[in-house]
Visitor: 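One structure follows; several queries about it will come next.
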Amino acid sequence: MKPYQFYRVRRFPKLQTGQSVRNQIQLTFSGEGEDVETVLTLENPSFEGSLGLLRVKSEVKHETYGFIKTVVDSKRRKFDFTEYLQPVDFPAFHDEQRGLVLFQAPKKVCRGVVANLRASPCEVELVEMVVDFTKVLELCSEYQAAWFRGVSSRVRAAGISGDQIQDDALFKKLLKEGELSNVTIPWLLDDIEHRVMVTGAGAVVLVQDYRANQGLELQIVMDVHDKLLSKVWEERKGRRAGADIPVEP
């Protein structure tokens, strides 16, 4: 599956090919200050239609428990850690006409990079969006899969799949008891059906494999934006409780 995370643009500089915009922040990492630089470089201003190709490089902080084994002074030693920095390098796309930026990266990476950009004012300001699934259901005739979070005190997430599941009693029960996190819908483009997932954070995830045909991928996700996302989302006002609970598609 390939995710395309959408952001509305509040501010973005006019770049020439090969030109970069960057910011630098200091993160507290293992009790020490760590300089982290985020760089967005315009690689191709006319990559696909109105989309320009960007390259994003940064480091994302993860809070997790683990250990590494290495050799110090010819002796093998084990080091425990509770957090680590992950270098990230991924493509993104800027649509100046629509006022959008798309990150082609997993959710946690996207949120980490956006947090880095916000931590120190720079020429890039991106707005996170929230999808109203009530409006999605009004515009889509079929759900093929759905994931819910917070289903009960013991079940953090649950998913169902099938045909026309939005009409099933189980779907309605889960919708009443939990929070809809994402849905998979059939999407027609040039009379060909594609399966796409729409997430509550405004991402479009392509379920099928297009054999690295990124031009087609971008046509699909932008068609979903124009005909669906742009009609069913609004600016995120604040991070919801439990919004970072991992939900598997």
Side-chain angles (χ1 to χ4, degrees), residues 1-8 60-66 82-84 86 88 90 101-116 118 126-187 194-208 221 224-225 228-249:
M1 294 188 179
K2 185 174 289 186
Y4 288 87
Q5 177 65 57
F6 280 82
Y7 298 97
R8 278 187 179 168
V60 175
K61 183 177 179 180
H62 294 273
E63 296 182 356
T64 187
Y65 292 95
T82 58
E83 56 189 1
Y84 69 95
Q86 174 195 2
V88 296
F90 59 88
V101 161
L102 292 74
F103 283 178
Q104 189 189 318
K107 178 177 68 175
K108 285 189 176 181
V109 170
C110 294
R111 286 185 171 170
V113 171
V114 170
N116 291 348
R118 287 178 178 166
L126 304 178
V127 179
E128 293 178 281
M129 307 300 291
V130 179
V131 169
D132 184 340
F133 283 112
T134 301
K135 295 180 180 179
V136 174
L137 189 57
E138 294 173 355
L139 297 174
C140 295
S141 60
E142 180 181 0
Y143 284 175
Q144 297 175 331
W147 276 88
F148 299 82
R149 63 164 64 93
V151 175
S152 72
S153 59
R154 294 180 178 176
V155 179
R156 300 178 66 196
I160 58 174
S161 62
D163 298 321
Q164 299 289 349
I165 62 172
Q166 75 280 358
D167 297 327
D168 190 87
L170 178 57
F171 176 90
K172 295 176 181 178
K173 180 177 183 293
L174 290 172
L175 187 62
K176 182 178 179 180
E177 297 177 352
E179 180 184 2
L180 193 55
S181 173
N182 62 64
V183 297
T184 299
I185 59 176
W187 192 264
H194 308 272
R195 294 185 69 213
V196 300
M197 179 192 298
V198 177
T199 77
V204 174
V205 182
L206 300 177
V207 178
Q208 293 156 258
V221 298
V224 175
H225 167 268
L228 180 63
L229 274 186
S230 62
K231 305 177 189 299
V232 300
W233 68 7
E234 61 183 15
E235 182 176 339
R236 179 188 292 273
K237 302 301 181 183
R239 189 64 55 83
R240 294 168 295 174
D244 288 323
I245 293 174
V247 176
E248 296 297 331

Visitor: On a heavy-atom basis, which atom in Gln166 and which in Ser141 lie closest, and how many Å separate them?
Guide: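 Taking Gln166 first and Ser141 second, the nearest heavy atoms are NE2-O, 3.0 Å.
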Visitor: Is the shortest side-chain heavy-atom distance between Gln144 and Pro186 below 4.5 Å?
Guide: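 Touching, per the 4.5 Å side-chain cut-off.
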Visitor: For the CG atom on Asp163, are there more than 12 heavy atoms of other groups (residues, nucleotides or ligands in this structure) within a distance under 6.0 Å?
Guide: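 Counting neighbours around CG of Asp163, 12 or fewer heavy atoms of other residues, nucleotides or ligands fall under 6.0 Å, so no.
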Visitor: So, do Val196 and Leu206 sit near enough that their side-chain heavy atoms are less than 4.5 Å apart?
Guide: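 Yes, their side chains come closer than 4.5 Å.
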Visitor: Can you tell if the side chain of Trp147 reaches within under 4.5 Å of the side chain of Thr199, non-hydrogen atoms only?
Guide: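 No - every pair of side-chain heavy atoms lies 4.5 Å or more apart.
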Visitor: According to side-chain contact (heavy atoms from CB on, under 4.5 Å), who are the partners of Gln208, at least two apart in sequence or on a separate chain?
Guide: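 In terms of side-chain contact (heavy atoms from CB on, under 4.5 Å), with neighbours along the sequence ignored, Gln208 is linked to His194, Arg195, Tyr210.
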Visitor: Less than 4.5 Å apart, side chain to side chain, heavy atoms only: is that true for Glu128 and Arg118?
Guide: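 Yes - at least one pair of side-chain heavy atoms lies under 4.5 Å apart.
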Visitor: Could you check if a side-chain atom of Leu228 sits within less than 4.5 angstrom of a side-chain atom of Ile185, using non-hydrogen atoms only?
Guide: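 Of all side-chain heavy-atom pairs linking Ile185 with Leu228, at least one is under 4.5 Å.
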Visitor: Please give me the minimum heavy-atom distance between Ala146 and Ile165, naming the atom from each residue.
Guide: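 That would be N-CD1, 3.7 Å.
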Visitor: Check each of Tyr4, Phe6, Phe90 against Phe103 using the ring-ring contact (aromatic ring centres under 6.0 Å, His included) test, and report the only one that passes.
Guide: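 Checked Tyr4, Phe6, Phe90 against Phe103; only one passes ring-ring contact (aromatic ring centres under 6.0 Å, His included): Phe90.
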Visitor: How long is the span from the NZ atom in Lys231 to the NE2 atom in His225, to the nearest 0.5 Å?
Guide: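 Answer rounded to 0.5 Å: 10.0 Å.
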Visitor: Only counting residues at least two apart or in another chain, list the ones meeting side-chain contact (heavy atoms from CB on, under 4.5 Å) with Thr134.
Guide: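 Scan of Thr134 (side-chain contact (heavy atoms from CB on, under 4.5 Å), adjacent residues dropped) gives Asp132, Glu138.
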Visitor: If I take atom CD1 from residue Ile160 and atom CG from residue Leu170, how far apart are they, to the nearest 0.5 angstrom?
Guide: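 Reported value, rounded in 0.5 Å steps: 5.0 Å.
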Visitor: Measuring from atom CZ of Arg149 to atom CG of Asn182, what distance do you get when rounded to the nearest 0.5 angstrom?
Guide: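 Answer for the CZ-CG pair, Arg149 versus Asn182, is 8.5 Å.
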Visitor: Closest approach of Val60 and Gly112, non-hydrogen atoms and distance?
Guide: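 The answer is CG1-CA, 3.9 Å.
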Visitor: Can you name the closest pair of heavy atoms from Phe133 and Val183 and give their distance?
Guide: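 Heavy atoms only, the tightest pair is CE2-CG2, 3.8 Å.
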Visitor: Output the distance between atom SG (Cys110) and atom CD (Gln104), rounded to the nearest 0.5 Å.
Guide: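 Answer rounded to 0.5 Å: 9.5 Å.
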Visitor: Kindly give the heavy-atom pair with the smallest separation between Tyr7 and Leu126, and that separation in Å.
Guide: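 Where Tyr7 meets Leu126 most closely, the heavy atoms are CB-CB, 4.0 Å.
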Visitor: Just wondering, do Val136 and Tyr143 contact through their side chains at under 4.5 Å, heavy atoms?
Guide: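 They are in contact (side-chain heavy atoms under 4.5 Å apart), so the answer is yes.
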Visitor: Mind listing the closest non-hydrogen atom pair of Ala201 and Arg111 along with its distance?
Guide: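 Answer, listing the atom of Ala201 first, then Arg111: CB-NH2, 4.0 Å.
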Visitor: Heavy atoms, side chains only, cut-off 4.5 Å: are Met129 and Arg8 in contact?
Guide: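 A side-chain contact exists here, since the closest heavy-atom pair is under 4.5 Å.
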